[in-house]
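To keep things clear, I will list the structure first and then write my remarks on it.
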Amino acid sequence: MISLDGLLWYYIVVAILFTITCALYGIATRPHIIKKLVLLTIVSDAVYVLLVLMGYRIGATNPPVVPGGVLENPVFPSHKTIVEFMHKVVDPVPQVLIVTAIVIGLAQFVFLVTISMHLAKSTGSFDIRRIEGEKE
Amino acid sequence: MIDWILFYLGLALTLLGGAMDLIASIGFFRFKDFYMRLHAATIGAIGGGFYPLIGLALIALSLNLDVYIKAYISGVCVIAAALIALTAPAGSHILARATHRSGEVVPKVIVDRIKEDMEKGGNEP
Amino acid sequence: MITLIIGAIAVTLALVSAILIVNEKDVLKAIVLAGVESVFFAIALAIFLAPDLLIAYIAIGLGLNSLLFIYALKRGERYEEE
Amino acid sequence: MVSYSVLEGVLPILFGLFTLAMIIYSLRVFTSKSVSDMVLAVDALTIDLIIIFVLIGLYYRSPYLLIGVIPLAAWILILDIVVSRYLSKGGGK
């Protein structure tokens with residue numbers, strides 16, 4: 001028996017995967033270079049949300065910090081404290097991965113936009129068919 | 001006593017802001033022209049953004065949470081309300097001026113004094 | 001429960017805006033629609049309890065990316081041909 | 001001190017009001033003809049999003065979820081200035 005929470009969960013995952021599929025189709029078929037880069041940002045954003053979704057627990061109530069802010073023994077916390085932390089808090093490892101991915105993505109898009117600006121200056125257009133000489 | 005007064009004052013402000021936001025969105029959907037939609041955008045920014053943030057700041061001050069949570073939430077709300085009240089009218093004005101001067105949307109009016117002044121080469125708005 | 005419903009609405013609107021970007025001929029409209037899509041993904045990130053991502057994602061994904069693409073679009077044509 | 005359970009009864013109404021307004025604004029964004037309409041609607045949408053963030057922070061009783069509010073409030077002016085510079089410098093042909 002699937003509960004309503006589970007149904008909403010499946011719906012969210014399927015919608016994000018469908019977003020990725022649509023954006024990849026647009027990258028493959030549309031000729032304008034800047035539009036291809038915009039669709040590439042959408043793919044990366046959807047992948048970030050999908051990775052955050054992997055670390056979420058249904059019923060969690062806190063971001064990955066200690067609830068209340070104070071531990072009684074910070075070096076060796078007791079078993080009860082760790083179990084309580086794990087039941088109240090989402091998984092912090094995917095979020096740490098995505099923070100680096102966002103910053104690296106910014107550098108990558110600056111590089112790609114600079115290349116396409118030089119290409120437009122030398123050929124006079126953003127259209128990929130005109131750059132390759134297939135269309136006048 | 002003062003807590004209940006703060007709570008119900010904030011709740012009334014927030015509900016009023018929600019109703020005004022809904023009215024502004026319906027008006028935004030139904031109006032015909034860009035220059036008409038500027039009026040609905042003003043209600044959506046001030047009535048739908050400024051009042052509910054002040055109301056939520058008052059609500060957060062009156063709850064029985066820890067002191068640092070209450071102070072953080074109400075301080076962020078007040079700063080965001082001040083930013084919205086300062087920047088939303090300026091942004092709307094810049095956008096309307098650029099739209100009229102570039103001819104992106106041509107207004108359907110009987111007489112247009114700004115266009116006459118620009119054609120005469122007088123002082124531009 | 002209520003947070004999951006709001007997350008489902010946000011993801012649906014992001015899907016609609018992604019489909020509209022693919023079929024859009026005006027590239028300036030496509031850039032603004034990409035900003036809208038980032039707004040809905042920001043709602044999803046706040047719902048699924050990732051506040052340390054939000055401060056980097058809003059500054060980079062919403063602000064710097066649209067600024068960069070509009071700056072590049074001044075160098076060429078605005079409309080996409082068939 | 002007001003008990004927290006009083007607020008919990010009211011929070012779904014507030015979520016419903018602001019989410020409904022957000023859906024109608026986004027319909028206007030998706031069906032608009034010109035860029036100026038779209039940018040104006042995105043401004044109103046962002047203001048709704050700020051209020052939804054504050055409501056989520058009150059729902060989870062966590063102050064960490066309010067980090068993104070002030071950058072969002074500053075982003076409204078940045079988008080207006082960038083698009084109007086693009087339009088008024090003659091890039092719209």
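Below, read A as the first sequence line, B as the second, and so on, with proteins coming before strands; counting in each chain starts at 1. Only a predicted model underlies this, so the values are computations on that prediction, with no experimental measurement involved.
For C:Y57, no part sits under 4.5 Å from any heavy atom of chain D, backbone or side chain. The part of C:I9 that comes within reach of chain D is its side chain, from C-beta onward, which places non-hydrogen atoms under 4.5 angstrom from that chain. At a 4.5 Å heavy-atom cutoff, the contact between C:L62 and chain D is made by backbone and side-chain atoms alike. Contact of C:V39 with chain D is made through backbone and side chain together, with heavy-atom distances under 4.5 Å. In this structure, no portion of C:A59 lies under 4.5 Å from any heavy atom of chain D. Both the backbone and the side chain of C:L13 come within contact range of chain D, with heavy atoms under 4.5 Å apart. Contacts of C:D26 with chain D are made by side-chain atoms alone, with heavy-atom separations under 4.5 Å and no backbone atom involved. With a 4.5 Å cut-off on non-hydrogen atoms, C:L20 touches chain D through its side chain but not through its backbone.
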* From CA spacing to verdict: side-chain contact (heavy atoms from CB on, under 4.5 Å), C:I5, D:F15 -> CA-CA 11 Å; C:I5 292 174; D:F15 269 122; over 6 Å; no
The test is side-chain contact (heavy atoms from CB on, under 4.5 Å); show your working for C:V36 and D:Y25 and say whether it passes.
CA-CA 11 Å; C:V36 178; D:Y25 278 132; over 6 Å; no
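In terms of heavy-atom pairs under 4.5 Å with chain C, the best-connected choice from D:V83, D:I67, D:L45, D:V42 is D:I67. Chain C forms more heavy-atom pairs under 4.5 Å with one residue of D:I78, D:V39, D:L72, D:V29 than with any other, namely D:L72.
Side-chain contact between C:V16 and D:F30: present, with at least one pair of heavy atoms (C-beta onward) separated by less than 4.5 Å.
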